[in-house]
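One structure below.
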Amino acid sequence: MIKFLLMVNKQGQTRLSKYYEQVDIEKRPSLETDVVKRCLSRKKEECSFVEYKDFKLVYRQYAALFIVVGISDTENELSIYELVHNFVEVLDKYFSRVSELDIMFNLDKVHIIIDEIIQNGHIVETNKNRILAPLLALDKMAEAH
């Protein structure tokens, strides 16, 4: 099961966080700081899977952004690694080469994309066209008005 998804920049600033398991609001900043430090301090040659407390971290770097996913011990790391890549491909398709600024200024749209891919910590959709369909429909409605 997916416990959380974070998008952070190289400076360790969280640009997006999505939790699928209850974590107290007061504990989130320290959890995010610790997780980000753990992933950003690793060398590029090192594995992108890290054991952390009672779960595992899977992360990928795209330019200046890191996407970190916290998963349960029973989840397949490679499937999550590929899920992250699929997520970035969907963002690239929608934003035409997604950047940190696209995410910061379109958080609502990024959350819609994540919600189409992951629900209650489980992967429900991987087809890029089906993931983007609701967002493109919203864009069409917004253009009509």
Side-chain angles (χ1 to χ4, degrees), residues 1-139 142:
M1 181 179 151
I2 297 170
K3 295 177 181 249
F4 60 84
L5 183 141
L6 303 173
M7 293 182 86
V8 297
N9 64 16
K10 283 184 177 179
Q11 291 75 38
Q13 298 166 312
T14 302
R15 294 302 180 202
L16 177 140
S17 64
K18 182 85 174 176
Y19 287 85
Y20 298 98
E21 203 171 71
Q22 177 61 37
V23 176
D24 292 335
I25 295 289
E26 305 83 43
K27 293 182 181 177
R28 287 181 185 186
S30 63
L31 170 72
E32 291 174 16
T33 301
D34 203 20
V35 162
V36 167
K37 257 190 233 175
R38 177 86 41 122
C39 294
L40 267 62
S41 65
R42 295 173 63 84
K43 295 181 180 96
K44 285 192 178 189
E45 306 84 45
E46 291 184 276
C47 180
S48 293
F49 312 145
V50 181
E51 289 192 20
Y52 176 78
K53 295 188 180 180
D54 60 338
F55 52 91
K56 294 182 272 188
L57 304 172
V58 176
Y59 69 94
R60 280 186 97 149
Q61 180 180 0
Y62 292 91
L65 280 177
F66 284 83
I67 300 173
V68 183
V69 183
I71 58 173
S72 62
D73 286 338
T74 57
E75 192 70 55
N76 182 324
E77 297 97 333
L78 284 175
S79 70
I80 300 301
Y81 192 73
E82 284 303 309
L83 174 78
V84 169
H85 185 66
N86 189 56
F87 172 54
V88 171
E89 285 181 334
V90 171
L91 292 174
D92 274 343
K93 188 172 181 177
Y94 183 76
F95 292 109
S96 305
R97 303 251 331 129
V98 68
S99 70
E100 185 177 349
L101 288 176
D102 291 323
I103 291 160
M104 289 171 56
F105 294 118
N106 297 286
L107 264 181
D108 55 336
K109 293 178 180 184
V110 177
H111 274 282
I112 290 170
I113 291 170
I114 291 172
D115 290 343
E116 288 298 314
I117 298 172
I118 305 166
Q119 290 179 1
N120 294 328
H122 299 283
I123 302 165
V124 293
E125 187 60 76
T126 57
N127 181 289
K128 293 173 190 70
N129 293 326
R130 285 195 295 248
I131 291 166
L132 287 174
L135 198 54
L136 296 174
L138 285 172
D139 288 349

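Keep in mind that the numbers below use all heavy atoms, side chains included, and drop hydrogens, waters and symmetry copies.
In this structure, K128 contributes its side chain and V90 its backbone to no donor-acceptor pair below 3.5 Å. For R60 (side chain) and S48 (main-chain N/O), no donor-acceptor pair under 3.5 Å exists by modelled atom type. Under a 3.5 Å cut-off, the side chain of E75 and the backbone N or O of M1 do form a donor-acceptor pair. Between the R42 side chain and the C47 main chain, a donor and an acceptor come within less than 3.5 Å of each other. Between the side chain of D24 and the backbone N or O of E26 there is no donor-acceptor pair closer than 3.5 Å.
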For the pair K3 and V23, evaluate side-chain contact (heavy atoms from CB on, under 4.5 Å) and give the outcome as yes or no after the intermediate values. CA-CA 9 Å; K3 295 177 181 249; V23 176; over 6 Å; no
Might you work through the side-chain contact (heavy atoms from CB on, under 4.5 Å) test for I103 and L65, ending with a clear yes or no? CA-CA 10 Å; I103 291 160; L65 280 177; 3.3 Å; yes
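Here the shortest heavy-atom pairing between A63 and Q61 reads O-NE2, 3.0 Å. The two atoms that bring L6 and S17 nearest to each other are CD2-CB, 3.5 Å, heavy atoms only. Nearest heavy atoms, V36 versus G12: CG1-CA, 3.7 Å.
Looking at I123 and I80, their side chains come closer than 4.5 Å, going by heavy atoms from C-beta outward. Counting heavy atoms from C-beta on, the side chains of Y52 and D34 come closer than 4.5 Å. Side-chain contact check for L31 versus Y19: some heavy-atom pair is nearer than 4.5 Å. You'll find the side chain of V8 reaches within 4.5 Å of the side chain of L40, heavy atoms only. The closest side-chain heavy-atom distance from V84 to L5 is not below 4.5 Å. Between V58 and L83, the closest side-chain pair of non-hydrogen atoms is not below 4.5 Å. Side-chain atoms of E116 and E125, non-hydrogen and from C-beta on, never get closer than 4.5 Å to each other. With contacts defined as side-chain heavy-atom distances shorter than 4.5 Å, the pair F66/K10 qualifies.
Going from atom OG of S99 over to atom CG of N106 covers 9.0 Å, rounded to the nearest 0.5 Å. Put simply, CD1 on I131 and CD1 on I118 are 9.5 Å apart, with the number rounded to the nearest 0.5 Å. If you take CZ on F87 and OG1 on T126, they are separated by 14.5 Å, rounding to the nearest 0.5 Å. Note that CZ of R97 is 12.5 Å distant from CG of L91, once rounded to the nearest 0.5 Å. Put simply, CZ on F49 and CG on L57 are 11.5 Å apart, with the number rounded to the nearest 0.5 Å. Distance check: M104 CE to Q13 CD gives 8.0 Å after rounding to the nearest 0.5 Å.
Taking the charged nitrogens against the carboxylate oxygens, R15 and E100 do have a contact shorter than 4.0 Å, which makes a salt bridge. Using a cutoff of 4.0 Å between basic side-chain nitrogens and carboxylate oxygens, K109 and D102 are not scored as salt-bridged.
Y20 and H122 share no donor-acceptor pair across their side chains, judged by distance under 3.5 Å alone. With 3.5 Å as the limit, one finds a donor-acceptor pair spanning the side chains of Y94 and D139.
Annotation: D108, atom CG; neighbour count of heavy atoms from other residues, nucleotides and ligands within 6.0 Å is above 12. No more than 12 heavy atoms of other residues, nucleotides or ligands shown are found within 6.0 angstrom of CD on E51.
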